[in-house]
Trainee: 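Sharing a structure, written as structure tokens. Questions coming.
For clarity, every value in this text was computed on a predicted model and none was experimentally measured.
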Amino acid sequence: MDEKFNSDQRGTKTVLVAPLDWGLGHTTRCIPIINDLLNSGNRVILAGNPVQQQILATEFPGLEYIPLEGYGIRYGRGKWNTILGLITQLPKLTRAIRRENAWLRELVKNKGIDMVISDNRYGLYHPAIHSVILTHQLAIRPPWGKMGMGLLQKWNYRHLQKFNECWVPDREEEMVCLAGELSHPQQLPSVPVKYIGPLSRFNVKPSAHESNRLLIILSGPEPSRSIWEEKLMSEIPALSSPITLIRGLPKGGKPLASYSHLEVFDHLDADQLQTKIEKAEWVIARAGYSTIMDLSTLQKKAILIPTPGQSEQEYLANYLQNKGIFFSERENSFSLKDFFNKSVR
């Protein structure tokens, strides 16, 4: 973080922090915010689904956790199935926003909440308490192209403007920002916008000694995560170079085939993951914004593979490659064998 984002919220307030369930990144990027709130003497209550609880309970075992149903958005098998699926799930998203707003109103009565910090959950605002929404997407790029972008922007701003503040986890200076046009649209919403700097759960420290090991980090909603895992695993038997695979499964998954050159973890906590990233020579990961913030913080060489059909990731990967920060490649054209043969090291 470039600055103390919560400097005007000191004291012993009761703060609800609730990240979106759309991938693990929304949850992990809330970790530095929670730490700052706790260090400032606030009481923090967390909310989310069981997978999110497992991640946050590892980092904050003593905090109260309240179950909150997620949006449950699923991706299709392939880009166009994903696009069609996202469009057909819009009514489901609208119902979830209404449901979580009613949930918050009841919670404020029962728990004495003074403030809510919502990571991309549009329904978690309340007229009687200070309501903050955290998002790097002031401008949303729809997966179906530019058609309807204006309407989508109006829809987004209409929801953002129900909050007291909008915190953007990026730098205010466009020349050094990470999210490009997503965080720096031509016109800002009328709600006060505060650029709080990139958020990372990792602490910058002297880097561990690099090895020649490749680290692959899987993430994102199903079935996209599993499809990507299957593609990678199909290539691994023909390789001999050392590879570490982190599957992005906090609750565990079915065992994978075992190979002498492959090290597999279902999930790692923040300290363990940071060590693996620092020791790797290269990282291959999805182009999720939270992953980008983590890799940028640790200044790692990385290849970003956007989730097919997720236009935000496609934009970010292309934008950061053009800036010379990371490399990027499409999932359907990426090959581990080509990676090792080309040796972009």
Side-chain angles (χ1 to χ4, degrees), residues 1-20 22 25-47 97 100-101 104 113-141 153-202 204 288-290 292-294 296-297 312 315-316 319:
M1 287 169 290
D2 294 339
E3 61 180 82
K4 284 291 184 180
F5 50 81
N6 201 34
S7 58
D8 56 347
Q9 299 297 336
R10 304 294 169 184
T12 54
K13 299 184 186 306
T14 297
V15 184
L16 173 71
V17 179
L20 185 65
W22 203 328
H26 292 281
T27 303
T28 59
R29 74 184 186 185
C30 286
I31 290 173
I33 291 178
I34 297 166
N35 276 321
D36 190 79
L37 290 168
L38 294 172
N39 291 338
S40 302
N42 297 285
R43 175 191 175 211
V44 178
I45 297 175
L46 306 174
I97 291 171
E100 67 186 9
N101 185 255
L104 177 63
I113 306 292
D114 300 304
M115 178 181 180
V116 57
I117 299 176
S118 162
D119 186 328
N120 271 92
R121 284 182 174 268
Y122 289 113
L124 293 186
Y125 62 89
H126 193 289
I129 65 172
H130 194 77
S131 306
V132 176
I133 187 162
L134 176 74
T135 182
H136 66 279
Q137 290 194 80
L138 297 177
I140 299 177
R141 299 177 74 91
Q153 186 81 332
K154 289 180 181 178
W155 179 90
N156 188 36
Y157 280 14
R158 185 170 71 248
H159 284 288
L160 295 182
Q161 285 158 189
K162 294 176 182 179
F163 292 80
N164 299 105
E165 285 186 278
C166 176
W167 291 355
V168 180
D170 201 357
R171 301 183 183 95
E172 189 167 5
E173 302 79 10
E174 291 188 51
M175 291 296 294
V176 293
C177 74
L178 290 176
E181 295 176 0
L182 302 185
S183 61
H184 291 77
Q186 292 184 353
Q187 182 177 353
L188 294 174
S190 60
V191 62
V193 174
K194 189 174 186 179
Y195 289 89
I196 63 175
L199 295 171
S200 176
R201 56 188 151 159
F202 299 140
V204 179
Y289 188 61
S290 297
I292 287 168
M293 290 191 289
D294 285 341
S296 175
T297 296
E312 171 217 353
Y315 169 80
L316 287 171
Y319 170 75

Trainee: So, for S183 and D170, which heavy atoms are closest and what is the spacing to 0.1 Å?
Mentor: OG-OD2, 2.8 Å
Trainee: Spell out, as yes or no, whether a donor-acceptor pair under 3.5 Å connects the side chain of T14 to the backbone of R43.
Mentor: no
Trainee: Kindly indicate whether the side chain of P185, heavy atoms from C-beta on, has any atom under 4.5 Å from the side chain of Y157.
Mentor: yes
Trainee: Identify the heavy atoms of H136 and R29 that sit nearest to each other, and give their distance.
Mentor: ND1-NH1, 3.1 Å
Trainee: How far apart are the C-alpha atoms of H159 and I97, what are their side-chain angles, what is the distance that settles it, and do they pass the side chain to side chain contact (heavy atoms under 4.5 Å, CB included) test?
Mentor: CA-CA 10 Å; H159 284 288; I97 291 171; 4.2 Å; yes
Trainee: Tell me the closest heavy-atom pair linking A139 and Q153, and the distance in Å.
Mentor: CA-OE1, 3.4 Å
Trainee: Starting at CZ of F202, measure out to OG of S296 and round the result to the nearest 0.5 Å.
Mentor: 12.5 Å
Trainee: Do E181 and Y315 come close enough that some side-chain heavy atom pair is under 4.5 Å?
Mentor: yes
Trainee: Working to the nearest 0.5 Å, report the span between CE of M115 and CG of L37.
Mentor: 6.5 Å
Trainee: Given side chains that start at C-beta, do those of R171 and L178 come closer than 4.5 Å, heavy atoms only?
Mentor: yes
Trainee: Could you check whether any side-chain heavy atom of C30 comes within less than 4.5 Å of a side-chain heavy atom of L46, counting everything from C-beta outward?
Mentor: no
Trainee: Name the residue from I196, V168, V17 that meets the side chain to side chain contact (heavy atoms under 4.5 Å, CB included) definition with L134.
Mentor: I196
Trainee: Determine yes or no for a side-chain-to-main-chain donor-acceptor pair under 3.5 angstrom, with N164 supplying the side chain and V132 the backbone.
Mentor: no
Trainee: Nearest 0.5 Å, please: how far is CE in M175 from NE2 in H184?
Mentor: 11.5 Å
Trainee: If you measure from OG1 on T12 to CG on N42, what distance do you get to the nearest 0.5 Å?
Mentor: 7.5 Å
Trainee: Ignoring hydrogens, what is the shortest heavy-atom contact between I133 and N120? Give both atom names and the distance.
Mentor: CG1-N, 4.1 Å
Trainee: Kindly indicate, with the supporting measurements, whether the criterion side chain to side chain contact (heavy atoms under 4.5 Å, CB included) is fulfilled by L160 and V193.
Mentor: CA-CA 10 Å; L160 295 182; V193 174; over 6 Å; no
Trainee: Working note: C166 + L188, criterion side chain to side chain contact (heavy atoms under 4.5 Å, CB included); need CA distance, chi angles, decisive distance, verdict.
Mentor: CA-CA 10 Å; C166 176; L188 294 174; over 6 Å; no
Trainee: Under a 3.5 Å distance rule, please check whether D294 uses its side chain to pair with a backbone N or O of S200 as donor and acceptor.
Mentor: no
Trainee: Working to the nearest 0.5 Å, report the span between OH of Y195 and SG of C177.
Mentor: 8.5 Å
Trainee: With heavy-atom distances below 4.5 Å as the criterion, would you say the side chains of I129 and D114 are in contact?
Mentor: no
Trainee: Just checking, any donor-acceptor pair under 3.5 angstrom between side chains of Y122 and N156?
Mentor: yes
Trainee: Which heavy-atom pair separates D119 from P19 by the least distance, and what is that distance?
Mentor: CB-CA, 3.6 Å
Trainee: Quick one: CD1 on I33 to CD1 on I117, what's the gap to the nearest 0.5 Å?
Mentor: 5.5 Å
Trainee: Compare every heavy atom of L124 with every heavy atom of E100, then report the nearest pair and how far apart it is.
Mentor: O-CD2, 3.5 Å
Trainee: Does Y125 reach the side chain of N101, with side-chain heavy atoms less than 4.5 Å apart?
Mentor: yes
